[in-house]
Enquirer: 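Dumping the structure here so I can ask a few things about it.
Here the structure is a predicted model, which means the values were calculated and not measured. Each ligand, and each atom within it, is numbered from 1 in the order the structure gives.
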Amino acid sequence: MANRRDFLKLSALTASLFTFNKSKAAEVLSDSGKKTIKPIVISTWRFGIEANAEAWKTLSTNGRALDAVEAGVKIPEGDPKERSVGLGGRPDRDGRVTLDACIMDEFSNIGSVACLEHIVHPISVARAVMEKTPHVMLVGDGALQFALSQGFKKENLLTAESEAEWKEWLKKSEYKPKVNIENHDTIGMVALDMNGNLSGACTTSGMAFKMHGRVGDSPIIGAGLYVDNEVGAATATGHGEEVIRMAGCHTVVELMRQGLSPEEACKKATERIIASAKRRNKPLDEIQIGFIAINKKGEHGAYCLQKGFNYAVYSPEINNKLIDAKSLL
Ligand code: ASP
């Protein structure tokens, strides 16, 4: 958790960037009578603030949404204090840090890696899969070998803190992910750039102390992330098994296509999570899901199952603020 001094420093930084951008780059355009707000970037959880600030550097200088989202999510990936993404992420039950990530651009190009070890920036490996291979997804050792062939460095991602926590966990070895307690939390980010193009990125170390080889929703296009450049983009966080089950982010985007606002679409998708859990007698208090979305007009919205999920918004109108998502329960 950032302390107050970090927070003030960050606020000053984002405030100055915002003033600069408001005058020079950002604009609110009129598009068939409706305001289009661009650029805009939104991302999950409080680490979204720093990630958005990084993405904004690209968006506010007419850069591509794809470059913005990659640069943005690399911030928590590279921060060893963030214990649910990239370097310093909590390990699986065997003590191995395995990472999941995916990326999608305005042309429906996609790239993804799952169960990737030893690489600090899985999102950049996902992008390399997208741009340099005939495939869309690489997993495990194959993903690692590909990353090394592309010049990524092999590193130890297990920090002393995460190792200590894992050893403590081993004493009981009970896999019981807690709602809103930080033993997971993904950074998902979606952005609309000045050219009106959408992209998204999603990256995580997944559920802490998961089985080795477990893959969540975050690297699955359509589950943890989806972008349709005609409609909008969405990304998710929370219990990945539940999101995969109902193709979460694809559902959110399709609901926006039918005319729902980003918030309404996220809400409806969350209702489907509840319906599916009820069918299986899965206790709702054991699940947390958060969806966030933007549409082509630059409108944003979110919804979650349990209270406690927030997301960061940076646009010409909102100066990189954390917003509490509404919850169904
Ligand atoms: N969705 C991630 C997973 O299931 C975890 C999270 O976002 O909390 O791996």
Enquirer: Going by ring pair (Phe, Tyr, Trp, His ring centres under 6.0 Å), name the residues that satisfy it together with His250, two or more places apart in sequence or in a different chain.
Expert: Tyr226

Enquirer: Which of the atoms of ligand 1 are close to Thr237, meaning less than 4.0 Å from one of its heavy atoms?
Expert: 6 (C), 7 (O), 8 (O)

Enquirer: Would you say that more than 12 heavy atoms from the other residues, nucleotides or ligands in this model lie under 6.0 Å from the NZ of Lys267, or not?
Expert: no

Enquirer: If only side-chain N and O atoms count, and only distance matters, is there a donor-acceptor pair under 3.5 Å linking Ser205 with Arg90?
Expert: no

Enquirer: Heavy atoms only: which of Gly238, Gly206, Gly216 is nearest to atom 5 (C) of ligand 1?
Expert: Gly238

Enquirer: Are Asp100 and Ser218 close enough that a side-chain donor and a side-chain acceptor fall under 3.5 Å?
Expert: no

Enquirer: Have a look at ligand 1 and work out which part of Ser218, if any, has a heavy atom under 4.0 Å from it: side chain, backbone, both or neither.
Expert: side chain

Enquirer: By the definition side-chain contact (heavy atoms from CB on, under 4.5 Å), identify the one residue from Ile103, Val227, Ile110 that meets it with Ile221.
Expert: Ile110

Enquirer: Starting from Trp45, can I reach Val69 by hopping between I/L/V/M/F/W/Y residues whose side chains sit under 4.5 Å apart?
Expert: yes

Enquirer: Going by heavy atoms, is Gln288 under 4.0 Å from ligand 1?
Expert: no

Enquirer: Only heavy atoms of Asp217, strictly under 4.0 Å: list the atoms of ligand 1 that pass.
Expert: 1 (N), 2 (C), 3 (C), 4 (O)

Enquirer: State whether the shortest distance between N or O atoms of Asp185 and N or O atoms of ligand 1 falls below 3.5 angstrom.
Expert: yes

Enquirer: With respect to atom 9 (O) of ligand 1, which of Glu241, Arg214, Lys210 exhibits the smallest heavy-atom separation?
Expert: Arg214

